[in-house]
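What follows is one structure encoded as structure tokens, with my remarks underneath.
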2 protein chains.
Amino acid sequence: MPTSTSDAPATGLRERNRIRRTRRVEHAALTLALEHGVDHVTVDMICEASDISPRTYFNYFGTKEGALLGQPAPDPDESLVGDFLAAHGPIVEDLMVLMARTFLASSPDREVFAMRRRLFAQEPELHALQVTRVAHKRQATVALVLRRLTERCPDLDAAAARDHAQLVMSVAMGAFLVVSLKWAEGSGEHSDIETYIHAAIDQIRRIVTP
Amino acid sequence: MPTSTSDAPATGLRERNRIRRTRRVEHAALTLALEHGVDHVTVDMICEASDISPRTYFNYFGTKEGALLGQPAPDPDESLVGDFLAAHGPIVEDLMVLMARTFLASSPDREVFAMRRRLFAQEPELHALQVTRVAHKRQATVALVLRRLTERCPDLDAAAARDHAQLVMSVAMGAFLVVSLKWAEGSGEHSDIETYIHAAIDQIRRIVTP
DNA sequence: ACGCAAAAGTGCAGTGACTGCAATAATGGG
DNA sequence: CCCATTATTGCAGTCACTGCACTTTTGCGT
């Protein structure tokens with residue numbers, strides 16, 4: 001019986017196996033992609049290397065790139081959302097910080113994390129895909145922006161607010177792509193990314209004024 | 001015999017056929033996509049509807065979505081590039097205007113153009129793909145931005161200028177996605193798009209300042 | 001007009017991503 | 001320890017896409 005000399009009493013054997021397997025597959029996928037380049041790697045190769053059936057691979061990750069990008073982006077943490085809604089900086093900056101923290105919070109595995117950074121640095125298309133996939137949560141995030149917007153400026157036309165939120169989202173995503181790539185090429189320290197974000201906002205301000 | 005009561009003496013029969021065929025295929029593809037939704041349409045369906053072999057389809061368009069998105073974005077016109085380099089507005093705005101004009105210059109066929117607009121409005125993923133594909137010219141466009149940048153501020157660190165240009169490009173692309181979608185939903189008049197762009201720039205300025 | 005070389009269109013066979021379905025193998029609770 | 005639930009797998013099939021070899025079309029010189 002699993003009588004809990006262990007540290008994770010809440011999770012059963014099933015869950016632990018699933019996590020261990022996921023890690024193993026991601027690791028194998030990243031290793032292969034770093035060695036041969038993404039599009040010289042087949043799903044079958046990944047499966048053979050990680051001792052899993054192709055069918056199960058797709059059950060886990062859905063697409064070939066799934067194992068390279070990691071699990072579908074998690075919903076932002078409650079507290080992070082609260083920070084965003086309460087923050088007093090430029091809205092784009094605060095949103096980018098939210099994106100960055102959510103992203104960082106989802107990669108606890110150091111080694112996989114580092115490999116992913118290296119892969120992104122050498123395969124920009126994959127990185128763009130990652131950003132696109134984060135954007136798949138676009139609807140939810142736009143709603144968040146809208147909420148903060150209407151809380152601050154209750155006297156705003158609804159349609160105008162919606163357009164505004166869309167624009168905030170798009171600009172944040174565009175800038176985030178550049179920032180995250182730069183950060184990935186550089187130190188990769190968690191704290192640094194917010195510095196990069198702040199610098200980017202400064203630049204944008206200069207960009208949109210003659 | 002095609003003895004030239006025609007109007008285009010410079011282009012041979014070959015070229016004219018190619019263009020006519022391209023139009024026919026694009027029209028068929030758009031019709032099918034609008035009716036059934038993009039991912040319920042197969043390449044074989046398009047080919048059957050436009051009386052072309054699948055192999056030829058891929059020779060023409062490369063990917064399934066190729067016929068929906070139209071020919072790969074053309075290089076910006078010389079004069080438009082000149083305008084961009086000489087313009088005195090905020091650099092992001094000028095860049096977006098360049099993108100818009102280049103885009104508009106490439107769609108002479110009214111009907112196909114209108115269908116594409118409708119399709120983009122109802123399939124956002126496709127529209128994002130379009131913007132991504134425009135970005136495939138990213139390297140060239142970034143170089144353009146860099147050129148204008150160094151002409152204006154010769155005393156700028158090279159690495160900093162490169163980062164700056166990347167950011168300009170990303171922000172412009174992000175904003176352009178929103179603007180073009182809004183424009184597509186609205187009037188679709190060529191002149192209107194620059195108004196939208198200008199308004200977007202104003203908004204961005206407000207966005208990045210508390 | 002005619003024939004020939006280059007270019008374009010096509011058929012075919014194959015690869016690889018991805019899905020639905022049905023059979024099989026853990027797993028965890030009673 | 002058995003059984004219902006859930007996860008893993010094999011299999012067959014669809015679809016996007018590619019390389020290669022073959023046929024047709026076109027442009028051109030004679």
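We name chains A, B, ... by the order of the sequence lines, and we start the count at 1 in each one.
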Please check if the number of heavy atoms outside [X] that lie under 6.0 Å from its [atom1] is greater than 12.
X: A/Q122; atom1: CD; answer: yes
X: B/Q71; atom1: CD; answer: yes
X: A/R24; atom1: CZ; answer: yes

Using a 4.0 Å heavy-atom cut-off to protein, can you give one letter per nucleotide of nucleotides 16-25 of chain C, 5' to 3': B if the base is in contact, S if only the sugar-phosphate is, - if neither? SSBBBB----
With respect to the phosphate group of [N], does any side-chain polar atom (N or O) of [X] fall under 4.0 Å of OP1 or OP2?
X: A/R21; N: D/dT8; answer: yes
X: A/N17; N: C/dT27; answer: yes
X: B/S53; N: C/dT10; answer: yes

Rounded to whole angstrom units, what separation is found between the [atom1] atom of [X] and the [atom2] atom of [N]?
X: B/N59; N: D/dA21; atom1: CG; atom2: P; result: 16 Å
X: A/E48; N: D/dT9; atom1: CD; atom2: P; result: 14 Å
X: A/R16; N: D/dA7; atom1: CZ; atom2: C1'; result: 16 Å
X: A/R20; N: C/dA26; atom1: CZ; atom2: P; result: 14 Å
X: B/E15; N: D/dG27; atom1: CD; atom2: C1'; result: 14 Å
X: A/D51; N: D/dT8; atom1: CG; atom2: P; result: 13 Å
X: A/D39; N: D/dC17; atom1: CG; atom2: P; result: 14 Å
X: A/Y60; N: D/dT6; atom1: OH; atom2: P; result: 16 Å

Considering residues at least two apart in sequence or located in another chain, which fulfil the side-chain hydrogen bond (donor to acceptor under 3.5 Å, both in side chains) criterion with A/T150? none
side-chain hydrogen bond (donor to acceptor under 3.5 Å, both in side chains) contacts touching residues 30-50 of chain B (sequence neighbours left out): none
Shortest non-hydrogen separation from B/P90 to B/I201 and the atoms involved: CG-CG2, 4.3 Å
What distance do A/H27 atom NE2 and A/L32 atom CG have between them, rounded to the nearest 0.5 Å? 10.5 Å
Which of residues 24-31 of chain A have a heavy atom under 4.0 Å from DNA chain C? none
Considering only distance and modelled atom types, tabulate donor-acceptor pairs under 3.5 Å from the side chains of residues 77-87 of chain B, sequence neighbours left out.
{"unit_1": "B/D77", "atom_1": "OD2", "unit_2": "B/S79", "atom_2": "N", "d": "3.4"}
{"unit_1": "B/D77", "atom_1": "OD2", "unit_2": "B/S79", "atom_2": "OG", "d": "2.9"}

Identify each donor-acceptor pair in which a side-chain atom of residues 159-166 of chain B lies under 3.5 Å from a protein atom, sequence neighbours left out, and give them as a table.
{"unit_1": "B/H164", "atom_1": "ND1", "unit_2": "A/Q203", "atom_2": "NE2", "d": "2.9"}
{"unit_1": "B/Q166", "atom_1": "OE1", "unit_2": "B/R138", "atom_2": "NH2", "d": "3.1"}

Base, sugar-phosphate or nothing for A/F61? Non-hydrogen atoms, less than 4.0 Å. nothing
